[in-house]
Amino acid sequence: MSIDADALSQAQAFLANTWPGAQPSTALVCGSGWNDLNKIFTIRETLSYDEIPGLGATGVEGHAGQLSWAELDGVETFVFQGRRHFYEGVGWTPIAIPVHLSKSAGANSILLTNAAGGINENFAAGDLMMLRDHLNFMPGNPLIGPHDKVWGSRFPDQTSVYHPSLRASLREAAEQCGHSVQEGVYAALSGPTFETPAEIKAFRALGADAVGMSTVPEAILANAAGMKVAALSCISNLAAGVSPHPLSHEEVAETASRAMPKMQAIIEAFWPKIAAG
Ligand code: HPA
């Protein structure tokens with residue numbers, strides 16, 4: 001169940017061999033609903049996830065499963081369109097590979113994106129929420145297992161997983177293009193079931209503002225590896241019991257696609273800032 005260190009090395013060797021000139025300074029993971037964010041980038045080269053050893057094709061509808069070596073405003077970036085999820089039953093390795101590939105190619109920051117259910121009653125579907133912190137309710141931690149120095153110390157500090165300067169830059173970027181961004185605590189669960197209304201009520205009492213099935217494992221890993229981490233949720237629906245109707249992946253995709261122009265504008269404004277740190 002722990003991350004397979006050999007698989008990480010193989011993926012890294014494959015990429016170094018395939019794109020020897022790649023020197024990204026940052027990375028982007030496009031989660032549910034964020035796929036079209038790659039349209040604002042100039043793409044140099046593309047690889048399908050199933051070509052990358054240990055990563056494998058994503059099984060989630062709307063996730064392209066493609067890594068692009070790309071550029072935006074002169075900022076060289078690895079864009080991961082789609083992610084592997086814990087609920088796919090594939091363990092932590094395919095979740096860790098995008099973080100490891102980015103870090104080992106030289107990226108010192110990463111933006112993780114996702115779709116999430118809104119728990120905070122001040123949130124509306126279509127809002128964006130910048131993560132201030134998280135609650136890890138996934139069954140385990142990707143760093144359980146033999147200590148591998150690629151992930152820094154045995155006991156990584158998590159006081160500021162979501163980097164304060166990147167959070168300030170994201171807020172500035174949103175203001176610059178006339179949008180507002182919520183800020184809050186993201187609770188991560190394994191899925192694939194959506195939550196029950198009783199669970200949502202409990203998570204609200206515990207301080208969660210939004211809930212989802214991803215992002216936290218990558219944030220734990222990237223922070224441990226010494227990268228600056230930022231994360232943005234598209235509140236694609238109100239969470240179970242807050243929403244008056246049953247939840248579906250279709251609603252998640254639909255709301256996110258309506259929010260896409262806003263997401264693209266904010267990320268375009270944010271990119272020179274993420275590069276500056
Ligand atoms: N719960 C969990 N994950 C999600 C949700 C939700 O309501 N919406 C989008 N991803």
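It should be emphasised that the depicted structure is a prediction, and the values quoted were computed from it without experimental measurement. Note that ligands are numbered from 1 as they come in the structure, with each ligand's atoms numbered from 1 the same way.
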Hphob cluster co-occupancy, Ile266 + Val79, side-chain heavy atoms under 4.5 angstrom: yes

Is it true that a side-chain atom of Thr196 and a backbone atom of Glu199 form a donor plus acceptor pair closer than 3.5 Å? yes

Would you list the pairs meeting ring pair (Phe, Tyr, Trp, His ring centres under 6.0 Å) in which at least one residue belongs to residues 217-238, sequence neighbours left out? none

Taken in chain and number order and not counting sequence neighbours, the residues that satisfy side-chain hydrogen bond (donor to acceptor under 3.5 Å, both in side chains) with Ser102 are none

Could you check ligand 1 for N or O atoms lying under 3.5 Å from protein N or O atoms and list the pairs with distances?
from	atom 1	to	atom 2	distance (Å)
ligand 1	1 (N)	Glu195	OE1	2.8
ligand 1	1 (N)	Glu195	OE2	3.3
ligand 1	7 (O)	Asn237	ND2	3.0
ligand 1	8 (N)	Gly117	N	3.4
ligand 1	8 (N)	Asn237	OD1	2.7
ligand 1	10 (N)	Ala115	O	3.3

With distance as the sole test, does Thr113 use its side chain to make a donor-acceptor pair with the main-chain N or O of Val29 at under 3.5 Å? yes

Quick test of your reading: applying ring pair (Phe, Tyr, Trp, His ring centres under 6.0 Å), list the pairs with at least one residue in residues 200-240, sequence neighbours left out, ordered by first then second residue. Phe137-Phe203

